[in-house]
Amino acid sequence: DVKVTQSSRYLVKRTGEKVFLECVQDMDHENMFWYRQDPGLGLRLIYFSYDVKMKEKGDIPEGYSVSREKKERFSLILESASTNQTSMYLCASRSGQNTGELFFGEGSRLTVL
Amino acid sequence: DAKTTQPNSMESNEEEPVHLPCNHSTISGTDYIHWYRQLPSQGPEYVIHGLTSNVNNRMASLAIAEDRKSSTLILHRATLRDAAVYYCIPGSIQGAQKLVFGQGTRLTINP
């Protein structure tokens, strides 16, 4: 069964802390994405990566960075967490073979106090 | 990105068909129409996608208007497990291209 795994379902952090959200996929997909989901705002794209060490800004990259050192792993980094980054974070991956389907992880709910 | 219009919410009864509409009048000629759904406390999951012709799979059917400005997702026999938010997304089929999720339609299934 194909899988996108996010390292933590729930995290609680303090303002100013550095936060790492990890995502691993086992489908050998070239493309990986980080979204955040907030009530009333839907899913918004933060960053995506179409290859190892490659990254592109999405619609709301401010306050975030990403790392893709290996094909299967895409990390989202909050350098200095703030309360407005309290959200549900969703990782997704997609094949480069133009099959269309986006596979999502279960999400990481981050609370910043 | 093409704009989409979906009803905020819909309600149906178990074991009845459900037709979920979507308007995407600004869709580009090469964009596919993708449908995803999000069950409570889970990430979105793929349902179906199509370009021009109607499409069927084990989960649902997708009916696409001839002018491609609208489409309808059809659940043939709804179950309680189909209660979810359904997203209609015009977008590329290419892997490196992003998909933009709107607000979707919250579907409630009554027993």
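Every chain is numbered from 1 and lettered A, B, ... according to where its sequence line falls, protein lines coming before strand lines. In what follows, every heavy atom counts, from backbone to side chain, and hydrogens, waters and symmetry copies are set aside.
- When heavy atoms are compared at a cutoff of 4.5 Å, Y50(A) approaches chain B solely by way of its side chain, counted from C-beta outward.
- Taking CG from N31(A) and CD from Q97(B), the interatomic distance works out to 9.0 Å, rounded to the nearest 0.5 Å.
- Using a 4.5 Å cut-off between heavy atoms, E101(A) touches chain B through backbone and side chain atoms alike.
- N84(A) CG: more than 12 foreign heavy atoms inside a 6.0 Å radius.
- A distance of 13.5 Å separates OH of Y47(A) from NZ of K98(B), quoted to the nearest 0.5 Å.
- M88(A) and Y87(B) fall within a single hydrophobic cluster, where Ile, Leu, Val, Met, Phe, Trp and Tyr are joined by side-chain heavy atoms under 4.5 Å apart, directly or via other members.
- Two different hydrophobic clusters hold Y35(A) and V4(A) under the rule that ILVMFWY side chains link at heavy-atom gaps under 4.5 Å.
- The minimum heavy-atom distance linking G43(B) with L90(A) is given by the pair CA-CD2, 3.7 Å.
- Both L73(B) and L80(B) sit in one connected hydrophobic cluster of ILVMFWY residues. Membership requires side-chain heavy atoms under 4.5 Å apart, directly or through other members.
- Residue L99(B) holds its CG atom at 11.0 Å from CZ of F48(A), rounded to the nearest 0.5 Å.
- F104(A) contributes atom CZ, which lies 8.0 Å from atom CD of Q38(B) (distance to the nearest 0.5 angstrom).
- For chain A, the nearby parts of Q94(B) are the backbone and the side chain; heavy atoms of each come within less than 4.5 Å.
- When heavy atoms are compared at a cutoff of 4.5 Å, L43(A) approaches chain B by way of both its backbone and its side chain.
- Side-chain atoms of Y46(B) and L102(A), non-hydrogen and from C-beta on, never get closer than 4.5 Å to each other.
- Checking side-chain atoms of R44(A) against main-chain N and O of F101(B) turns up no donor-acceptor pair under 3.5 Å.
- Linking ILVMFWY side-chain heavy atoms closer than 4.5 Å, directly or via other members, places L110(A) and Y64(A) in a single hydrophobic cluster.
- Atom CZ of R106(B) is surrounded by 12 or fewer heavy atoms from other residues, nucleotides or ligands within 6.0 Å.
- For E56(A), no part lies near chain B; criterion is any non-hydrogen pair under 4.5 Å.
- In terms of heavy-atom pairs under 4.5 Å with chain B, the best-connected choice from D51(A), L41(A), L45(A) is L41(A).
- A single hydrophobic cluster is not seen to contain both Y32(B) and W35(B); linkage of ILVMFWY side chains at heavy-atom distances under 4.5 Å, directly or through other members, places them apart.
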